[in-house]
Asker: 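Have a look at this one before I ask anything.
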Amino acid sequence: MDSTALEPSLYTVKAVFILDNDGNRLLSKYYDKELYPSMKEQKNFEKNVFNKTHKADNEIAFVEGMTIVYKSSIDLFFYVAGSGQENELMLMAVLTCLFEALSHILRKNVEKRSLLDNMDGCFLVVDEIIDGGVILESDPQQVIQKVNYRVDENPLSEQSVAQHLTEKLALTSNVLHSAKEQIKWSILK
């Protein structure tokens, strides 16, 4: 082994992807652009990983020199990939955080239809956990808090629209108040 392969790095995650029970991509993020630069190569890698893992009862696999940790739920397969020398426990912590945060956002209904209906929140969760291959967070409660997504509130898109409208209304109210004051002072002069 060469010494550069064993040097520690913050860039631990090479890819995160979620596949349906037929092996079709639902969500994916690749952080090492040199590893699988084209969509075709990425999909071939995902098919290869799916074919080797969908019937297995394990949590870890080594495919194409990569360490893959995975988990299945109803009709979804969650994957986190790292280099061949990567610490499996770190990758598993990312996978667990991803699954639990998505489970909370999807109201414990972790299945394909629910995931597709809440894709914006799913991408936010992935982005809060990993940035450019660097693990930022492994606590699902912290991730949920950061994306400000609670079960008892409106869905994220409705919440964003409501917040935007409230801000616009407040801005409009301030502008009208300011205009009134200017007109009043111009009349009094």
Asker: About how many Å separate OG1 of Thr67 and CG of Asn87, when rounded to the nearest 0.5 Å?
Answerer: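 Spacing of CG (Asn87) from OG1 (Thr67) equals 9.5 Å.
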Asker: Applying a strict under-4.5 Å side-chain criterion to I, L, V, M, F, W and Y, I'd like to know whether Ile60 and Met66 cluster together.
Answerer: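 In one cluster: no.
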Asker: Looking at CD1 of Ile129 and CG of Leu124, how far apart are the two atoms once the value is rounded to the nearest 0.5 Å?
Answerer: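 If we round to the nearest 0.5 Å, Ile129:CD1 and Leu124:CG are 11.0 Å apart.
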Asker: Does Glu59 have any side chain to side chain contact (heavy atoms under 4.5 Å, CB included) partners at least two apart in sequence or in another chain, and if so, which?
Answerer: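 Checked Glu59 against side chain to side chain contact (heavy atoms under 4.5 Å, CB included); matches are Met92.
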Asker: Quick one: side-chain hydrogen bond (donor to acceptor under 3.5 Å, both in side chains) partners of Ser138, sequence neighbours excluded?
Answerer: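 Result, side-chain hydrogen bond (donor to acceptor under 3.5 Å, both in side chains) vs Ser138: none returned.
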Asker: State, to 0.1 Å, how close Ala61 and Thr53 come at their nearest heavy-atom pair, and which atoms those are.
Answerer: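 That would be CB-CG2, 4.0 Å.
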Asker: Around atom CE of Met119, are there more than 12 heavy atoms from other residues, nucleotides or ligands closer than 6.0 Å?
Answerer: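 Yes.
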Asker: How long is the straight-line distance from CD of Glu46 back to CD1 of Ile68, given to the nearest 0.5 Å?
Answerer: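 It is 10.0 Å, given to the nearest 0.5 Å.
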Asker: How would you list, by chain and number, every residue that makes a ring pair (Phe, Tyr, Trp, His ring centres under 6.0 Å) with Tyr30, sequence neighbours excluded?
Answerer: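 For Tyr30 there are no ring pair (Phe, Tyr, Trp, His ring centres under 6.0 Å) partners, ignoring immediate neighbours.
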Asker: Check residues 14-24 and write down every donor-acceptor pair under 3.5 Å in which the side-chain atom is one partner and the other belongs to a residue at least two apart or another chain.
Answerer:
unit_1, atom_1, unit_2, atom_2, d
Asp20, OD1, Asp22, N, 2.9
Asp20, OD1, Gly23, N, 3.0
Asp20, OD1, Asn24, N, 2.8
Asp20, OD2, Asn24, ND2, 3.4
Asp20, OD2, Lys112, NZ, 3.1

Asker: In terms of hydrophobic clusters joined by side-chain contacts under 4.5 Å, are Phe123 and Phe99 together?
Answerer: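 Yes; Phe99 is reachable from Phe123 via cluster members.
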Asker: Who are the side chain to side chain contact (heavy atoms under 4.5 Å, CB included) partners of Asp139, not counting sequence neighbours?
Answerer: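 Result, side chain to side chain contact (heavy atoms under 4.5 Å, CB included) vs Asp139: Glu137, Gln141, Gln142.
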Asker: Do the side-chain N and O atoms of Tyr79 and Ser28 include a donor-acceptor pair separated by under 3.5 angstrom?
Answerer: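 Not at all, the side chains of Tyr79 and Ser28 share no donor-acceptor pair under 3.5 Å.
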Asker: Do Leu76 and Val110 come close enough that some side-chain heavy atom pair is under 4.5 Å?
Answerer: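 When only atoms from C-beta onward are counted, Val110 and Leu76 do touch, with a gap below 4.5 Å.
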Asker: Which pair of heavy atoms, one from Pro140 and one from Ala101, lies closest together, and at what distance?
Answerer: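 Closest heavy-atom pair between Pro140 and Ala101: CB-N, 3.9 Å.
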Asker: In the hydrophobic clustering (ILVMFWY, side-chain contacts below 4.5 Å, transitive), which residues join Leu89, or is it alone?
Answerer: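 Its cluster mates, by chain and number: none.
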Asker: With Lys71 as the cation and Phe78 as the aromatic partner, state whether NZ or CZ is under 6.0 Å from the six-membered ring centre and within 45° of the axis.
Answerer: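 No, Lys71 does not sit over the ring of Phe78.
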Asker: Apply the test side-chain contact (heavy atoms from CB on, under 4.5 Å) to residues Cys122 and Leu102: give CA-CA distance (whole Å), side-chain angles for both, the deciding distance (0.1 Å), then the verdict.
Answerer: CA-CA 7 Å; Cys122 296; Leu102 289 178; 3.6 Å; yes
Asker: Once side chain to side chain contact (heavy atoms under 4.5 Å, CB included) is applied, do any residues pair with Glu128, and if so which ones, sequence neighbours excluded?
Answerer: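 Partners of Glu128 under the side chain to side chain contact (heavy atoms under 4.5 Å, CB included) test: Val143, Lys146, Val147.
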Asker: Nearest 0.5 Å, please: how far is CG in Leu136 from CG in Asp131?
Answerer: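 Interatomic distance, Asp131 CG to Leu136 CG, rounded to 0.5 Å: 5.0 Å.
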Asker: When you group the ILVMFWY residues by side-chain heavy-atom contacts below 4.5 Å and let the links chain together, are Leu98 and Ile135 in the same group?
Answerer: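 The answer is yes; both residues are in one hydrophobic cluster.
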Asker: Walk me through whether Lys55 and Phe50 qualify under side-chain contact (heavy atoms from CB on, under 4.5 Å).
Answerer: CA-CA 9 Å; Lys55 291 182 182 175; Phe50 179 76; over 6 Å; no
Asker: Report the residues that fulfil salt bridge (charged side-chain N to carboxylate O under 4.0 Å, His left out) with Lys29, sequence neighbours left out, ordered by chain and then residue number.
Answerer: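 Per chain and number, Lys29 pairs via salt bridge (charged side-chain N to carboxylate O under 4.0 Å, His left out) with Asp127.
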Asker: Quick check: is Val94 connected to Val63 through a chain of hydrophobic side chains (ILVMFWY, heavy atoms under 4.5 Å apart)?
Answerer: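 Val63 and Val94: separate clusters.
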Asker: Could you tell me the separation between the CG atom of Asn58 and the OH atom of Tyr70, rounded to the nearest 0.5 Å?
Answerer: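 The CG atom of Asn58 sits 4.5 Å away from the OH atom of Tyr70.
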Asker: Atom OG in Ser38, atom CG in Asn44: separation rounded to 0.5 Å?
Answerer: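 Between Ser38 OG and Asn44 CG, I get 8.0 Å after rounding to 0.5 Å.
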Asker: Sequence neighbours left out, what passes side chain to side chain contact (heavy atoms under 4.5 Å, CB included) with Lys108? Give chain and number order.
Answerer: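 For Lys108 the side chain to side chain contact (heavy atoms under 4.5 Å, CB included) partners, ignoring immediate neighbours, are Ser103.
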Asker: Could you list the residues that satisfy side-chain hydrogen bond (donor to acceptor under 3.5 Å, both in side chains) with Ser72, not counting sequence neighbours?
Answerer: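 Applying side-chain hydrogen bond (donor to acceptor under 3.5 Å, both in side chains) to Ser72 gives none.
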Asker: So Val80 and Val13, do their side chains get closer than 4.5 Å, heavy atoms only?
Answerer: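 SC-SC contact between Val13 and Val80 confirmed.
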Asker: Among pairs that include at least one residue of residues 34-44, which meet salt bridge (charged side-chain N to carboxylate O under 4.0 Å, His left out), considering only residues two or more places apart or in two chains?
Answerer: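 Every candidate salt bridge (charged side-chain N to carboxylate O under 4.0 Å, His left out) pair involving residues 34-44 fails, so no pair, neighbours aside, qualifies.
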Asker: Using the rule that two of Ile, Leu, Val, Met, Phe, Trp, Tyr join whenever any of their side-chain heavy atoms come within less than 4.5 Å, decide whether Phe45 and Leu27 are in one cluster.
Answerer: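 Phe45 does not cluster with Leu27.
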Asker: What residues, two or more places apart in sequence or in another chain, satisfy ring pair (Phe, Tyr, Trp, His ring centres under 6.0 Å) together with Tyr31?
Answerer: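 Ring pair (Phe, Tyr, Trp, His ring centres under 6.0 Å) list for Tyr31, sorted by chain: empty.
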